[in-house]
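Each remark here refers to the structure printed beneath this line.
Per chain, numbering begins at 1; letters A, B, ... match sequence-line order.
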Protein chains: 2
Amino acid sequence: MAKPKKTWFAILGLLSWRPMSGYEIKKFVENALSFFWSESYGQVYPTLKALVDAGLAKKLPRDGLGSRRQRYSITERGKRELAKWLSSPSEPPKSRNEFELKFFLNSSRPQKHNLKLVEEYRSQQQELLKDFLESEKLLKIAVRNDALPEELLESMPEIGDSDNQQLTVFYLTLRHGIHAARARIAWCNEVLSFLQS
Amino acid sequence: MAKPKKTWFAILGLLSWRPMSGYEIKKFVENALSFFWSESYGQVYPTLKALVDAGLAKKLPRDGLGSRRQRYSITERGKRELAKWLSSPSEPPKSRNEFELKFFLNSSRPQKHNLKLVEEYRSQQQELLKDFLESEKLLKIAVRNDALPEELLESMPEIGDSDNQQLTVFYLTLRHGIHAARARIAWCNEVLSFLQS
DNA sequence: TAAACTATATATCAAACTGATATATCGTAG
DNA sequence: CTACGATATATCAGTTTGATATATAGTTTA
């Protein structure tokens, strides 16, 4: 029957940081969380309505006279439900990694196909790591100084009004991405030297 | 319009190894590929039919008189389509990692929640790594000796009639899982010492 | 040996989710 | 003043999941 509704809690969790509009939520996930989470507009807007109907979130009055954006905030009931979910155990992720599938299925074809595939994957991951390390440097400074560097605000305006504890968790989450990217690059190097030997 | 149909090529790819039934496909993915791929019955059976309709796979005659299982094999056209897909670039995976989301969203709650969460995650990953290392040991022997150890056949009967190149790719794919699990454990250790300091 | 399990095997479906597209307004660079 | 990109909300067909239904073969245990 497909019961998860992870989107419900993902959105509720973001609203627990601060009030946001559907557009802001989508952009935030896309810009700042994309290496471990994703949401689509097709989920965000209906879910916001459903959260209101369930009494877990509520519409805020549109500030500014002609303001187009509709912001939502979390309710007390929403906070309680969120806390419950946050403490529940996480099922191990059902990943679907297209690259790994291709690598695996290539086994009955000449190895040169896989060499090319792995080299492409490696540069993809190196690019990713570069971006992570950039953000890490800035976030580290922010956490230490309890103040946000200009460049970070430019590249991620969403984190503008985060407090120190939120920045710390953000930093630690990013470290997860860095560890993962490095592991994937190390694997590529291992495979390339294995296949070329 | 949601065009991927990754399931089509995942199934086609497995059929390119050898003929399989829907049930075998589901079990194989579940037992051997679960750390980077997943399929549900709800996808497998309709997709097998669709592949036949599209001329990419065909039904095999049921062997044995009262045999209940319906096997499918890949067609020449299927092989060509598969080869095309296998050479196409992979889009970076849109992951949805429930644990990372919870860790991130916990930022506005006391840190002790996250400590518990991370410790749970670490033992989950340590368990996973243990299994991977077990399989790795056996697969390594299999690749070196070009023969399958008894224990491996017992725990993964699916790989019974694989050739040496397939085993090698299987081994290398598993290494990806090992690198990833180790990276996650290393991250847990880093976070735990950070949060406890 | 009969009953209770467990694995094999196929099928179905509501709910969740994606990716693409439609529409309209605002700010601004040329 | 206008083309363009960012902001903002909405919709929907197609994909995928997770749960459940059904039935038979084999195996354990009372």
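Ion pairing between K79(A) and E76(A) holds under the 4.0 Å rule for side-chain N and carboxylate O. For E24(B) and K27(B), the salt-bridge test fails: no basic side-chain N is under 4.0 Å from an acidic carboxylate O. Using a 4.0 Å cut-off between a side-chain N of Lys or Arg and a carboxylate O of Asp or Glu, E98(B) and K102(B) qualify as a salt bridge. Contact check on E30(A) versus K26(A) returns a salt bridge, with a Lys/Arg side-chain nitrogen under 4.0 Å from an Asp/Glu carboxylate oxygen. Under a 4.0 Å N-O distance rule, the pair R96(A)/E39(B) qualifies as a salt bridge.
Look at NZ on K27(A): it is 12 Å from P on dT9(D), rounded to the nearest Å. Atom-to-atom, OH of Y23(A) to P of dA6(D) comes out at 8 Å; the value is rounded to the nearest Å. The separation between E91(A) atom CD and dA19(D) atom C1' is 13 Å, rounded to whole Å. As rounded to whole Å, 12 Å separates atom P of dA7(C) from atom CD of E30(B). What separates OH of Y45(B) from P of dT12(C) is a distance of 11 Å, to the nearest Å. Atom NZ in K26(B) sits roughly 13 Å away from atom P in dT8(C) (whole-Å rounding). For L48(B) and dA11(C), the CG to C1' distance is 12 Å, given to the nearest whole Å. Going from atom CD1 of I25(B) over to atom P of dT8(C) covers 15 Å, rounded to whole Å.
For K6(A), the side-chain atoms get nearest to dC17(C) when compared with the rest of dT7(D), dC17(C), dA10(D). Distance from the side chain of K94(B) is smallest to dG19(C) among dT10(C), dG19(C), dG18(D).
Mapping K49(B) and R96(B) onto DNA chain C via the closest heavy atom, the residue that lands nearer the 5' end is K49(B). Taking for each of G22(B) and W8(A) the nucleotide of DNA chain C with the nearest heavy atom, the 5'-most of the two is the partner of G22(B).
At distances below 3.5 Å, at least one donor-acceptor pair connects side-chain atoms of W187(B) with backbone N or O atoms of L172(A).
Close to dT15(D), at under 4.0 Å from its OP1 or OP2, lies no side-chain N or O of T7(B).
We find the CZ-CG distance between F132(B) and L139(B) to be 12.0 Å, quoted to the nearest 0.5 Å.
For the segment residues 34-43 of chain A, the set of residues with a heavy atom within less than 4.0 Å of an atom of DNA chain C comprises S38(A), S40(A), G42(A), Q43(A), in numerical order.
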